[in-house]
Asker: 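Pasting a structure below so you can have a look.
Any value given below was found using the heavy atoms of this structure, including those in side chains, with hydrogens, waters and symmetry copies removed.
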Amino acid sequence: MNSPSEYGSYAGTPPETAPAGCPVRSAASGGITRLYGPEASVDPHGIYAGLREQYGAVAPVLLEGDVPAWLVLGYRENRRVLDNPRQFTRDSRIWRDWEEGRIESTSPLIQMLGWRPDCVSQDGEPHRRLRGAVTDNLQALAGRGIRRHVTHFANKQIDAFAGSGRADLVAEYAEYLPMLVLTRLFGLGEGEGRRLATSCAQVIKGGEDALHHNDVIMQVLAELAERKRDEPGSDFTTGLMQHQAGLDDEEVLSHLRLVLITAHTTTSNLLARVLQLLLTHRSHLAGLVSGQLNISAVVEEVMWNTPPLAVCPGRFATADLELGGRRIQAGDLLVLGLTAGNLDPEIRPDAGVSIQGNQAHLAFSSGPHECPGQNVGQAIIETAVDVLLHRLPGLRLAAPAEELTSTASTWEARLDRIPVEFVPQAAGV
C-alpha cells in the first residue's frame, strides 16, 4: 500500500484544481476514480474491488461535480466512522469544501449531503430530540396494521397485470409499492404515489434534475402539513406535528422529506433484490414456499450482498486523524461503502459461505444514526413477497438470470427489470 503522503491529505481533487492545503498526487491509474458517470454505473463492485486493491480500506474518490471525498471500504473502518460521531460528524456545516465556497448551492450533492434541521444532519442532544420524534411515530405506524395497507396495495398492483401471465416486477411492482404504502401512512392521497416515487428516485440518482425533483417533493409535503394542521389524523405527519419534542414547521417538513425519500428508495430497491434472489435461486423459493426457509433469512442474505444503499452519505472529520492508513484532515468528507464493507475480505474471506443468522451487516448503517425504520421496511417486504407468491402460481423468470442488469449511481445500484411469467389469474383472485 502506498503511504498517505504520496496522495496528500485529501486526495480526490485533480492536481490543477486542488485548493491550498489540499495537495494531490495522481493515483497509479492516472487519476482519481469517479463514483459517478457512465463507467461507474455499470460495475460498482469492480470499482470497489479495484480501489481496495490499490488503496486498502480507505480510498480517495470523486463525487458528482468532481467533488473530493474519501470512500471507506473496510468493514472495521466503516464501523469506526459510523460509531464515533465525535470524530466523524454528520453535520455538513464543517465540510471544508462547502465552507471555502467550492460547492455550489445548486449541486445535486446538496440533496444528499447538505445540512437540514433533521435528525440525520445533527449529533448529540439535538439528534436525540429529533430522532425520538421519528422513532416514536414509526413504531406507532408499525403497530397500526401496516401489513393490511401493504396487502391492499400489493393486490391492487398485481390486479393490473395478473391476467396477462407476464410482468416486470421492478416497473410494475417493487418500484412503486412502498411509496403507495407511505402515502397512506403519511396521510397523502394515493394519486401522489407515482409522482413522488419518481421524484425520490431522481433525488437519489443525482444529476441536474435532482434539485427540481426535491422541490416537487417539498411542495407536496408542505401542502400536506398545512392540511394536517386543520385536519389532524392518525398518521405519521400528524404524529410529528403533535410530538412532545415540539418540532417546528421546518423540522416537520425536513423529517417528512427524510423518511419519504429514504423509506421508499431503500425499501423498493431491497424488495426488488429479494425477488431477484428468490427467482434466480429456486432452492430459496422452494424453501420459502414449503416453510423451511424464513423470508427474514432471505432479506438478511440480500442485506449482506446487495444492500439497498451501496454508499451512505456522509460523515465529516471533526479533527485531523488517521483512518485505514490515510491522513484525514478536519473538514474532510467521508462516504461509507456499505456494500464494500459487507464484502470486505478481512471479515468475509469467502463471500460464498452462508451468513444466515449473522445480522452484523452494515445495510442499516450503525451507531446513533442507524436506520430507525427497519421494522416498517421489513413488514412491507415480507408482506409484498407473501402476497405475490400466493397470487401468482408458477411464478418464474422469463429471461436468463445473467440478463438481470443493474444501473448504479453514486449511492445505490438498482435492478433495471425482473421479467417473469406465471399462470394468468383473474383480478382479485
Asker: Does anything in residues 255-267 form a side chain to side chain donor-acceptor pair (under 3.5 Å)? List the pairs, not counting sequence neighbours.
Answerer: Asn214-Arg257
Asker: Is His243 reaching over with its side chain to a backbone N or O of Ala245, donor-acceptor style, under 3.5 angstrom?
Answerer: yes
Asker: Tell me whether Glu226 is salt-bridged to Arg229, with the criterion being a basic N under 4.0 Å from an acidic carboxylate O.
Answerer: no
Asker: Any donor-acceptor pair under 3.5 Å linking the side-chain atoms of Arg315 with those of Asn84?
Answerer: no
Asker: Donor-acceptor pairs are to be reported for all side-chain atoms of residues 170-185 against protein atoms at under 3.5 Å, with residues two or more places apart or in another chain.
Answerer:
{"unit_1": "Glu172", "atom_1": "OE2", "unit_2": "Asp168", "atom_2": "N", "d": "2.8"}
{"unit_1": "Tyr173", "atom_1": "OH", "unit_2": "Ala384", "atom_2": "O", "d": "2.7"}
{"unit_1": "Thr183", "atom_1": "OG1", "unit_2": "Leu180", "atom_2": "O", "d": "2.5"}

Asker: Does the Asp344 side chain pair with the main chain of Tyr75, one donor and one acceptor, at a distance under 3.5 Å?
Answerer: yes
Asker: Mind checking salt bridge (Lys or Arg N to Asp or Glu O under 4.0 Å) for Asp43 and listing every partner two or more places apart, or none if nothing turns up?
Answerer: none
Asker: Could you pull out all residues at least two apart from Arg147 that satisfy salt bridge (Lys or Arg N to Asp or Glu O under 4.0 Å)?
Answerer: Glu382
Asker: Hydrogens and angles aside, do Asn342 and Thr339 bring a side-chain donor and acceptor to less than 3.5 Å of each other?
Answerer: no
Asker: Output yes when a side-chain donor or acceptor of Arg90 lies under 3.5 Å from a complementary backbone atom of Phe316, and no otherwise.
Answerer: no
Asker: So, does Glu251 use its side chain to make a donor-acceptor pair with the main chain of Asp248 at under 3.5 Å?
Answerer: yes
Asker: Are Arg116 and Asp118 within salt-bridge range, i.e. N to O under 4.0 Å?
Answerer: no
Asker: Going by salt bridge (charged side-chain N to carboxylate O under 4.0 Å, His left out), name the pairs with one or both residues in residues 193-219, residues two or more places apart or in two chains.
Answerer: Glu192-Arg195
Asker: Between Glu301 and His284, do the side chains contain a donor N or O and an acceptor N or O under 3.5 Å apart?
Answerer: yes
Asker: Going by distance alone, is a donor N or O of one side chain under 3.5 Å from an acceptor N or O of the other, for Ser268 and Arg414?
Answerer: yes
Asker: Please check: side-chain N/O of Ser41 versus main-chain N/O of Ser409, any donor-acceptor pairing under 3.5 Å?
Answerer: no
Asker: For Arg417 and Ser406, test the side chains for any donor-to-acceptor distance below 3.5 angstrom and give the result as yes or no.
Answerer: no
Asker: Does His127 offer a backbone N or O that forms a donor-acceptor pair with the side chain of Arg129 under 3.5 Å?
Answerer: no
Asker: A quick test of your reading: do over 12 heavy atoms of other residues, nucleotides or ligands sit less than 6.0 Å from NE2 of His390?
Answerer: no
Asker: Could you work out, with salt bridge (Lys or Arg N to Asp or Glu O under 4.0 Å) as the rule, every residue matching Glu64, not counting sequence neighbours?
Answerer: none
Asker: With distance as the sole criterion, is a donor-acceptor pair present between the side chains of Ser296 and Asn294 under 3.5 Å?
Answerer: yes
